[in-house]
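Following: one structure in C-alpha cells, then a few remarks.
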Amino acid sequence: MKLLRDKVKRDTYMASKVCGMISRGDLRNDHPQQRKSEQWEHEVRDNFIVTVIQNEDFDPIKICEQLTKNGVILWLIDGLQRCTTIENYKAGKFALGKNINPSVVEYQEVKKDKNGKIVKDEYGNTVYEIVSYDLRGKSYAQLPEKLKEDFDNCPVEVVKHLDCNDAEVGRHIVRYNSGAKMNVAQKTITYMYKVATDVKKLSGHDFFSDCVNFSDKKDKNGTVDKIVNESIMGLNFFEQWQRNATKLGKFLNENATKEMFTNFEEELDGLYKVTTPKTGKLFNEKNALI
C-alpha cells in the first residue's frame, strides 16, 4: 500500500533568522529555475522595508525541501525579492529613498533625562514618550535600536513543501509565478527543470559578461538564458524549431543532452578568445543566434 502524508508545513520565522539562513547557505536562493533578485524598482523595494520595520503583514515566502544524498536542501522558490531585500538592507547595501509612505514613523520608548537616566513619575513608574523618526535616507545602521529590533523581529510567514523532487520544485515555481509579472524568458526557464542548471551555467559564461557585455538589466530579465536556449535549439534541433518560447523550453527540457551543452560551452570558450569589442557588438539579443 502506498503511504501518503502531509507534504506542506507552515511556520513563522523572524526576519533576522531568514537573513542568517541565506547568508549561511541553509536557505538556497539560487535555484536555476528561479529568476534573479533585484527585480523591484527602488520605490517598491524601499516601501517594502518600511513594511518590515512596522511589522506589517506581507505574503508568505515559499520553500521547497529536497532530500539528497548530500543532505537536505531548502530552496527559496517564491519570495526571493522579499528575502534579498531584507538581507541587503540589513547588510547596509542601500539606504531608503525619499518616496516612501509613511516617511515618518512613531514609536514608544522610555523617557530619559539629560544624563541618560530613566525618568520616573511621582509613584515610581517608568515614564514613556512617543518619538517620531524620519526614515528617508536612512540605512539599517542608522536606525534607532528600537527600530532595528522591530526590523529583526518582523515575522515572516513560511510555507514549506516537503520532500520534493526536481519536477515538483519546477511545478511549484510555475504556479507561484503564474500570476506574477515575469517576462517570457524568465517564465520559460521555469519549465526546464531537467536542464535549467546547464542553461544557467552557460548564461554565466565569461563570453556574455566580457565580450558581449550585456547590461545588468538584460542579465536579470533572462535575456542571456533566452540566447542560450535558442542557440542550443538552433545548433541541434533547427528542423524542429519552436517559435513559442515556452514550447521551445519544454522541448529542450525533454530532448537536450549534456553533450549539447558541453559542445556549446566549447564554442563559447573559442569565441571568448577571438571576439573583439567591435565584433562583440554583433552578439546582441536579436542576432546572437545567427
Side-chain angles (χ1 to χ4, degrees), residues 25 28-41 70 73 75 80-81 84 88 93-94 166 169-170 173-174 177 181-290:
R28 295 277 300 275
N29 62 355
D30 58 344
H31 193 279
Q33 290 171 268
Q34 175 69 286
R35 59 179 169 176
K36 293 189 176 182
S37 60
E38 299 182 31
Q39 300 287 330
W40 284 353
E41 299 292 338
N70 294 320
I73 300 176
W75 294 108
L80 178 61
Q81 312 309 318
T84 53
N88 289 342
K93 294 184 178 180
F94 68 92
D166 286 338
V169 173
I173 292 175
V174 169
N177 286 288
K181 292 183 178 179
M182 297 182 78
N183 63 37
V184 175
Q186 291 169 334
K187 191 170 184 179
T188 298
I189 199 72
T190 64
Y191 295 97
M192 303 177 67
Y193 65 90
K194 293 181 181 178
V195 297
T197 301
D198 300 297
V199 173
K200 291 294 185 180
K201 179 182 178 182
L202 293 185
S203 64
H205 195 283
D206 289 343
F207 172 75
F208 292 114
S209 58
D210 298 347
C211 301
V212 183
N213 195 25
F214 282 108
S215 66
D216 289 342
K217 183 177 181 181
K218 290 288 186 183
D219 183 37
K220 292 172 187 173
N221 69 13
T223 295
V224 184
D225 292 345
K226 173 177 176 288
I227 290 173
V228 171
N229 289 341
E230 290 179 344
S231 298
I232 294 293
M233 190 75 186
L235 288 169
N236 300 281
F237 306 104
F238 191 74
E239 297 300 322
Q240 296 159 285
W241 183 265
Q242 303 287 330
R243 293 186 62 183
N244 180 280
T246 299
K247 290 182 179 179
L248 186 150
K250 290 181 177 179
F251 180 90
L252 291 180
N253 191 57
E254 295 300 326
N255 296 281
T257 65
K258 290 286 185 182
E259 183 181 9
M260 294 174 186
F261 288 98
T262 300
N263 291 340
F264 186 47
E265 184 176 19
E266 293 174 356
E267 297 286 352
L268 292 177
D269 290 342
L271 284 170
Y272 185 83
K273 296 176 181 178
V274 300
T275 303
T276 66
K278 182 178 180 180
T279 56
K281 293 178 181 180
L282 299 173
F283 293 88
N284 55 37
E285 181 179 0
K286 181 179 179 181
N287 299 321
L289 170 63
I290 298 173

Note to self: Is it true that, when you exclude Gln240 itself, more than 12 heavy atoms of the residues, nucleotides or ligands shown sit nearer than 6.0 Å to its CD?
What the structure shows: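 Enclosed.
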Notebook entry, point to check: Would Tyr193 and Val169 satisfy side-chain contact (heavy atoms from CB on, under 4.5 Å), going step by step from the backbone distance to the final call?
Noted result: CA-CA 8 Å; Tyr193 65 90; Val169 173; over 6 Å; no
Are [X] and [Y] packed together at the side-chain level, in the sense that at least one heavy-atom pair is separated by less than 4.5 angstrom?
{"X": "Phe264", "Y": "Ile232", "value": "yes"}
{"X": "Phe251", "Y": "Met233", "value": "yes"}
{"X": "Asn244", "Y": "Gln242", "value": "no"}
{"X": "Trp75", "Y": "Asn29", "value": "no"}

Between [X] (side chain) and [Y] (backbone), is there a donor-acceptor pair under 3.5 Å?
{"X": "Ser231", "Y": "Ile227", "answer": "yes"}
{"X": "Asp198", "Y": "Lys258", "answer": "no"}
{"X": "Asn284", "Y": "Asn287", "answer": "yes"}
{"X": "Asn263", "Y": "Glu259", "answer": "yes"}

For [X] against [Y], the heavy-atom pair lying closest together:
{"X": "Phe208", "Y": "Ser203", "result": "CD1-O, 4.0 Å"}
{"X": "Gly234", "Y": "Leu289", "result": "CA-CD1, 4.4 Å"}
{"X": "Met192", "Y": "Asn253", "result": "C-OD1, 3.1 Å"}
{"X": "Gln81", "Y": "Thr84", "result": "O-OG1, 3.4 Å"}

Notebook entry, point to check: What's the verdict on side-chain contact (heavy atoms from CB on, under 4.5 Å) for Met260 and Phe237, showing C-alpha distance, side-chain angles and the deciding distance?
Noted result: CA-CA 11 Å; Met260 294 174 186; Phe237 306 104; 3.2 Å; yes
Note to self: So that I can tick it off, tell me whether Lys250 and Glu254 are bridged by a salt bridge, with the cut-off set at under 4.0 angstrom between side-chain N and carboxylate O.
What the structure shows: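 Result for this pair is no, no salt bridge flagged.
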Checklist line | Lys194 bridged to Asp166 by N-O distance under 4.0 Å | finding: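 No.
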Check: Looking at CG of Asn236 and OG1 of Thr257, how far apart are the two atoms once the value is rounded to the nearest 0.5 Å?
Finding: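 Rounded to the nearest 0.5 Å, the CG-OG1 separation comes to 7.0 Å.
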Item checked: Gap separating the CG atom of Leu268 from the NZ atom of Lys201, nearest 0.5 angstrom -> 11.0 Å
Notebook entry, point to check: Just one of Val224, Leu202, Thr275 clears the side chain to side chain contact (heavy atoms under 4.5 Å, CB included) bar with Phe207, so which one?
Noted result: Thr275
Notebook entry, point to check: So Asp269 and Glu265, side-chain contact (heavy atoms from CB on, under 4.5 Å) or not? Walk me through it.
Noted result: CA-CA 6 Å; Asp269 290 342; Glu265 184 176 19; 4.3 Å; yes
